[in-house]
Amino acid sequence: MDDTLSLAIQASYYIAAFLFIMGLKRMSSPVTAASGIKWAGVGMVVATAITFAYPGMHNFMLMTTAIFVGGLLAWWTGKKVAMTDMPQMIALYNGMGGGSAAAISGVELLAVSSGATTHSTVFMVLAVLGGFIGSVSFSGSMIAFGKLQGLIRKDFRFKGQNFVNLALLGAIAWLGITVAGGHADISTLALFFGLTLLLGVTMTLPIGGADMPVVISLYNAMTGLAVAFEGFVLNNAAMIIAGTVVGSAGSLLTQLMAKAMNRSLGNVLFSGFGGESAAAGGEVSGSMKAIEATDVGVMMAFAQKVIIIPGYGMAVAQAQHKVWELTQLLSERGVDVKFAIHPVAGRMPGHMNVLLAEAGVPYDLIYDADEINADFESTDVALVIGANDVVNPVARTDPSSPIFGMPILNADKAKNCIVIKRGQGAGFSGIENLLFFLDNTRMLYGDGQAAVSELIQAVKEL
Amino acid sequence: MIELSAFAALYIFMLAAFTGYEVIAKVPAILHTPLMSGSNFVHGIVLVGAMVALGHAESTGGQIIGFIGVILGAGNAVGGYVVTERMLEMFKSSGKKDAKKSEGNG
């Protein structure tokens, strides 16, 4: 009987691991993505259900209560969050996973320190490492959530913060070795976890909001790794596989994001952005030239090719629905309209695609920078809405600029470039945008949603 | 339960690391946010581990920590699923077959 049960449990975990990998694979194409998460979801239900039959378990009341409390809270918050706030929700749920991994280590190490059980050195080392990574990911993700949610507004930079973190890390390493040795009392254990949580906070607080997506992605990979270590500790292959797959996929995703933002990972983690670079950048000569919405409407309606470049400003103004309405009107007139998305448009790579999808824009009208940059020269109108640094030509031309070398969308190469912008100020990074001063650029001042509504009106009246 | 030998576990670790890398390597940037969210959901499997840890906890301290662990793990799994599904449900094609191939690239 026990053998059959054990076999059923192992088989269920095996199926779950298979479904996770297949699900992730399907999530890597827009055609199959929606089914991918369902595959992975089935795997999770199978694995969770069979775990109730795990041998030698008790505390079932506590367990069921905890699942309901955690699950319902997450379900409720996940259902009602706005699409613009998605990045911080990912940070929040990821932090919970890290905390959960740390808690597993906590339970196991507590049992050892109270003398209830003893384990091999490998077990102890992995439990300590999993607890360390999970705790840092937990407290770090919570700070990231607080920053993006606007709960924490300051960046808290001070001289020597890297030394403070290094000192903390040293203390944690020493405590960790003591704990792994198996001779730690409860207060040493508590101090170990306390300092680890503190390190996550002090590491994340100085990092600016613009870099947060990279940090969230990094913590996501770290949680994966922590889960894999706990899988070793608990002798659970499904956890090892799922955790490791996420750990390596997450590391790759972190690198891709950092590259798209023209930053190195070390740069993101160990130096604050914005402080010293805000004043940098060459001077720009010339003036910005304003234009009226009616003129832009005529220009677009009689164009052959139009490329729309949306930025986070468009999402903040909630203009994406109006933009799609404008696109449909133009398409009916035979204008070829496409969307060009910069990798870091929005708060996170791919975030803008989600926001456009929410407004109903089909994904096959949306193009990456690499796919569309060659098209700008044959484009009549490039319409920039709420984007700034990602269309700044100095990234190509001015080696002294902090964004030099960053891949940009070549809106300046279009025959006409229209920029919808609230006012005349510089962008998020404080760098003057050369594009606004070019001869083929016209500025349409106003709130994103109002300006696009005027454009719709202008096209309709033709 | 069937014990994994340390080396079997190491082999699993190595192969899974390559798998994760390969699965993500060719993903278009448009899916980066949902994919991060999806991988965030997958490590929600930590819930299973937290359940086992709580299920074997003897001391009150262990039960409290295990209880918190299961709450957090369940939050990771359920929250990760809900937001990923909401995002991916919105991705729709324009219905024109091969819209991307026939236009553009000119």
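Distance CE/A:M27 to CZ/B:F41: 7.5 Å, rounded to 0.5 Å. With rounding to the nearest 0.5 Å, the separation of CZ in B:R86 from NZ in A:K80 is 10.5 Å. In this structure, B:M90 CE and A:Y363 OH are separated by 14.0 Å, a value rounded to the nearest 0.5 Å. Distance check: A:I37 CD1 to B:E85 CD gives 7.5 Å after rounding to the nearest 0.5 Å. A:S248 contributes atom OG, which lies 8.0 Å from atom CD1 of B:I24 (distance to the nearest 0.5 angstrom). In this structure, A:D364 CG and B:F91 CZ are separated by 12.0 Å, a value rounded to the nearest 0.5 Å.
In terms of heavy-atom pairs under 4.5 angstrom with chain B, the leader among A:A103, A:G71, A:S114 is A:G71. The candidate from B:L47, B:I68, B:I64, B:V23 with the greatest count of non-hydrogen atom pairs under 4.5 Å with chain A is B:V23. Top candidate by heavy-atom pairs under 4.5 Å with chain B, chosen from A:L73, A:N220, A:I240, A:L234, is A:N220. With chain A as partner, the option from B:A53, B:S39, B:G69 having the largest number of non-hydrogen pairs under 4.5 angstrom is B:S39. With chain B as partner, the option from A:L252, A:L256, A:L72, A:V233 having the largest number of non-hydrogen pairs under 4.5 angstrom is A:L252. Between chain A and the residues B:G73, B:A6, B:A17, the most heavy-atom pairs under 4.5 angstrom are made by B:A17. For the set B:V70, B:L15, B:V52, the count of heavy-atom pairs under 4.5 angstrom toward chain A peaks at B:V52. Heavy-atom pairs under 4.5 Å with chain B peak, among A:A74, A:A66, A:G41, A:G95, at A:A66. Per-residue counts of heavy-atom pairs under 4.5 Å with chain A were compared for B:G61, B:A57, B:G80; the largest is that of B:A57. Contact count against chain A (heavy-atom pairs under 4.5 Å) is highest for B:N40 among B:I71, B:L35, B:N40. Of all the listed residues (A:M239, A:M257, A:M44), the one sharing the greatest number of non-hydrogen pairs under 4.5 Å with chain B is A:M44. With chain B as the partner, the residue from A:L24, A:L92, A:N236, A:I241 showing the most heavy-atom pairs under 4.5 Å is A:L24.
Side-chain atoms of A:T244 and B:M14, non-hydrogen and from C-beta on, never get closer than 4.5 Å to each other. Here the side chains of B:M87 and A:I90 are in contact, with some heavy-atom distance below 4.5 Å.
Of the residues listed (A:L253, A:N94, A:T254), the one engaging B:M36 in a side-chain contact (heavy atoms from CB on, under 4.5 Å) is A:L253, and it is the only one. With respect to B:V83, the side-chain contact (heavy atoms from CB on, under 4.5 Å) criterion is satisfied by exactly one of A:M83, A:K79, A:M86: A:M86.
Heavy-atom distances place no part of A:A374 under 4.5 Å from chain B, backbone and side chain included. There is no contact between A:V122 and chain B, counting heavy-atom distances below 4.5 Å. With a 4.5 Å cut-off on non-hydrogen atoms, B:A25 touches chain A through its backbone and its side chain both. With a 4.5 angstrom heavy-atom cutoff, A:T48 touches chain B via backbone and side-chain atoms both. Neither the backbone nor the side chain of A:S35 has a heavy atom closer than 4.5 Å to any heavy atom of chain B. For A:L109, no part sits under 4.5 Å from any heavy atom of chain B, backbone or side chain. Looking at A:P213, the atoms closer than 4.5 Å to chain B (heavy atoms on both sides) all sit in the backbone: N, CA, C or O. Looking at B:S59, only its side chain comes within 4.5 Å of chain A, counting heavy atoms on both sides. Neither the backbone nor the side chain of A:A111 comes within contact range of chain B; no heavy atom of the residue lies under 4.5 Å from a heavy atom of that chain.
The neighbour count for A:F68 CZ, taken as heavy atoms of other residues, nucleotides or ligands under 6.0 Å away, does not exceed 12.
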Task: Step-by-step side-chain contact (heavy atoms from CB on, under 4.5 Å) determination, A:K38 to B:Y81 - done: CA-CA 9 Å; A:K38 297 204 170 72; B:Y81 183 84; 3.8 Å; yes
Task: Stepwise side-chain contact (heavy atoms from CB on, under 4.5 Å) test for B:I45 and A:V227 - done: CA-CA 8 Å; B:I45 187 72; A:V227 171; 3.9 Å; yes
TODO: Would you check, one step at a time, whether the test side-chain contact (heavy atoms from CB on, under 4.5 Å) holds for B:T33 with A:N353?
DONE: CA-CA 9 Å; B:T33 292; A:N353 305 78; over 6 Å; no
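With A:H351 contributing its side chain and B:H32 its backbone, the two residues share no donor-acceptor pair below 3.5 Å. A donor-acceptor contact shorter than 3.5 Å links the side chain of A:N59 to the backbone of B:L54.
Closest non-hydrogen pair, B:L31 versus A:A33, comes out as CD2-CB, 4.4 Å. Across all non-hydrogen atoms, the minimal contact from A:V107 to B:G66 is CG2-N, 3.5 Å. Heavy-atom minimum distance, A:A249 versus B:G20: CB-O, 3.6 Å. For the residue pair A:A237 and B:I12, the shortest heavy atom distance occurs at CB-CD1, 4.2 Å.
Sequence neighbours left out, the pairs with a member in residues 8-27 of chain B that pass ring-ring contact (aromatic ring centres under 6.0 Å, His included) are A:F232-B:F13. Applying the side-chain hydrogen bond (donor to acceptor under 3.5 Å, both in side chains) definition to pairs two or more places apart or across chains, those involving residues 99-110 of chain A are A:S105-A:E230.
In this pair, A:Y54 and B:H56 present their aromatic rings perpendicular. The plane angle is above 60°, beyond the 30 to 60° band.
Salt bridge A:K25/B:E22: absent, no basic N to carboxylate O contact under 4.0 Å.
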